[in-house]
Amino acid sequence: MFGLIINEKEIKEMEYLLKREMDEILFDLGDDRIDHIVKRAMEERYQVLFALFKRVAAPNECIKYIRNGKKNQLKG
């Protein structure tokens, strides 16, 4: 386990970067031209980013990025 000491400005920057990356993945997951194997890898990456995001973001921000249910499952 590692510890990390960051200030408020760095937390906001981390939130911003994680949101941008998760939004990009969500956008790409909706693209039917992308192969299901690639989408599976993108979904795994999303889960890692979301786990990091949960550590720095407020709960109400996290709710916006929760992926669950049949509407968010990948086909294939």
Exercise: identify the closest heavy-atom pair between [X] and [Y]:
X: Leu29; Y: Met42; result: N-CE, 3.8 Å
X: Ala57; Y: Glu61; result: CB-CB, 4.2 Å
X: Arg67; Y: Leu26; result: NH1-CD2, 3.2 Å

Tell me which donor-acceptor pairs under 3.5 Å the side chains of residues 7-16 have, and how far apart each pair is, sequence neighbours excluded?
{"from": "Asn7", "atom 1": "OD1", "to": "Lys9", "atom 2": "N", "distance (Å)": "3.1"}
{"from": "Asn7", "atom 1": "OD1", "to": "Glu10", "atom 2": "N", "distance (Å)": "2.8"}
{"from": "Glu10", "atom 1": "OE1", "to": "Asn7", "atom 2": "N", "distance (Å)": "2.9"}

Any side-chain heavy atom of [X] sitting closer than 4.5 Å to one from [Y]?
X: Leu18; Y: Phe50; answer: no
X: Asp28; Y: Glu24; answer: yes
X: Lys19; Y: Tyr65; answer: yes

Report task. Consider only side-chain heavy atoms of I, L, V, M, F, W and Y, link residues closer than 4.5 Å, and tell whether Tyr46 and Val38 are in one cluster. Result ->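 In one cluster with Tyr46: Val38, yes.
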Requested in this report: Under the side-chain contact (heavy atoms from CB on, under 4.5 Å) rule, collect the residues that match up with Arg45, sequence neighbours excluded.
Outcome: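 side-chain contact (heavy atoms from CB on, under 4.5 Å) list for Arg45, sorted by chain: Glu21, Ile25, Leu49.
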